[in-house]
Every structure is written in structure tokens, then in C-alpha cells.
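Below: one structure, written as C-alpha cells.
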Amino acid sequence: MLIERIKKNKITIIGFVIVFGFAALLYIFMHPKTTPDAPVSTDKLVEFNGTELEETKDGVPVWKLTADEIQVDPDTEVMYFTNPKAILYDVNGTEMTITADKGVVDKKKRIIEIKPPVKGQTNLSDTLQTDGSVYYNMDTHMITGGSVVISRHDSTTLRADAFETNTGLDKVKLTGHAQVTKGEE
């Protein structure tokens, strides 16, 4: 009886198998298996203690980065910093100092990432506080990041979900729930 039903519905069963197979292949192609990024092998890293990096343009400093420890991956040329202190120089003469527990420099991508907790302060007493990483683009000399509070020396406070600023903190772009408050002097 079962064999007779299979013979009668042979075309329907074959059609069902083809549709099911096609759906399975479609699912596999639409949801590829992702593999996590391979962690950096610490035995490949070259380690330096008490070192600094700096970039100048026409003899004028652009940025300087010091750290307690620097580890360099010789394959990728990515540098990992412990207790980094970045000094970023703005064309108007303002200097911003950013400190954190960890940092990464990718010379190929021309990005410096300072990992949270991040504290930044200019020589004019402007401050930048964020819970996330900040990214300094070596080509544009701009700093970007997530949720931020910037307190300026002129009693102005800026808050937002994301930001982009120059190193002098005087050209700031705020994104998402932006708030600018002017305090009493």
C-alpha cells in the first residue's frame, strides 16, 4: 500500500525534494558560516618598553604617542599599546592629550584607536569624555567616536551619541541626541 502511494505520487515527491534542496542551498548561501577573527598570537609580537612614536609634517609635530609597553605584530605591522598617552597637535596651536589603558595603531589604515576608558584634555582645559573608543585619522587629523561629553573652557558643554572633531575641539560635529549648553561665566 505504501509502495503504491509512492508510485502514484512519484512526481509530487520528486518536486518536494527538489524544492526542499533548493531552499536548503538558498539558506546556506544567504547565511554563510562566519568565523571569528583570529586572535593575535602573542608569541609573534615584538615587544618594546617605554617607547614613543611621532609624526611630523614640515618639521612641525602632528601627533606623538608614548606608552609603557608597545607590542608590534611583524606580519600586519599593527602596534598594540599599554597605557598610551597621545598628544595631538592642532594647526591653531591647541594640543590635546588623550590617555587610556590600551591603544592600537594601524599604520596601513592610518588610524590610531584609543580604547576605553578614554580621557582627553586640551592645553586650554577643554575636556572630552567617552565610554567608547576614539579614533584618530592620521590623514584628516580628525577624532571620531561614540557617546561623548565635551566641556569647553568657555563654559559650553556638548553631548551626543556620536561625534567628529578636530584636535582643537573647536570644530565639532555631533550626531544623534545632540545637546549644546552654554553655562554662566
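Every heavy atom of this structure was used, including side-chain atoms; hydrogens, water molecules and symmetry mates were not.
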Query - Electrostatic pair Lys57-Glu55, nearest N-O below 4.0 angstrom - result: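 Judged by the 4.0 Å cut-off on N to carboxylate O distance, Lys57 and Glu55 do not form a salt bridge.
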
[X] and [Y]: which non-hydrogen atoms are nearest, and at how many Å?
| X | Y | answer |
| --- | --- | --- |
| Tyr89 | Pro61 | CB-O, 3.4 Å |
| Thr156 | Val180 | CG2-CG1, 3.8 Å |
| Lys115 | Ser133 | CA-OG, 3.6 Å |

Atom [atom1] of [X] and atom [atom2] of [Y]: how far apart are they, to the nearest 0.5 Å?
| X | Y | atom1 | atom2 | value |
| --- | --- | --- | --- | --- |
| Ile87 | Thr122 | CD1 | OG1 | 12.5 Å |
| Asn92 | Thr167 | CG | OG1 | 7.0 Å |
| Asn137 | Lys109 | CG | NZ | 12.5 Å |
| Met142 | Thr165 | CE | OG1 | 6.0 Å |
| Lys102 | Thr82 | NZ | OG1 | 4.0 Å |
| Glu164 | Thr140 | CD | OG1 | 7.0 Å |

Query raised in the report: Taking Tyr136 as the fixed residue, which of Val105, Ile98, Ile112 is the one that meets the side chain to side chain contact (heavy atoms under 4.5 Å, CB included) rule?
Result: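 The passing option is Ile112.
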
**Report entry** side chain to side chain contact (heavy atoms under 4.5 Å, CB included) partner of Leu169, chosen from Ile143, Leu158, Leu128
**Finding:**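 Of Ile143, Leu158, Leu128, side chain to side chain contact (heavy atoms under 4.5 Å, CB included) with Leu169 is met by Leu128 alone.
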
In terms of hydrophobic clustering (I, L, V, M, F, W, Y; side-chain heavy atoms under 4.5 Å; direct or indirect links), are [X] and [Y] co-clustered?
| X | Y | result |
| --- | --- | --- |
| Leu65 | Met138 | yes |
| Leu88 | Val91 | no |
| Val149 | Leu124 | no |
| Met79 | Val62 | yes |
| Val72 | Trp63 | yes |

Requested in this report: Would you check if the side chain of Asn123 reaches a backbone N or O of Thr94 as a donor-acceptor pair within less than 3.5 Å?
Outcome: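 No, the answer is negative, given that no donor and acceptor are paired below the 3.5 Å cut-off.
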
Query raised in the report: Side chain of Asp58, backbone of Val60: donor and acceptor closer than 3.5 Å?
Result: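 Such a contact is absent between Asp58 side chain and Val60 backbone.
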
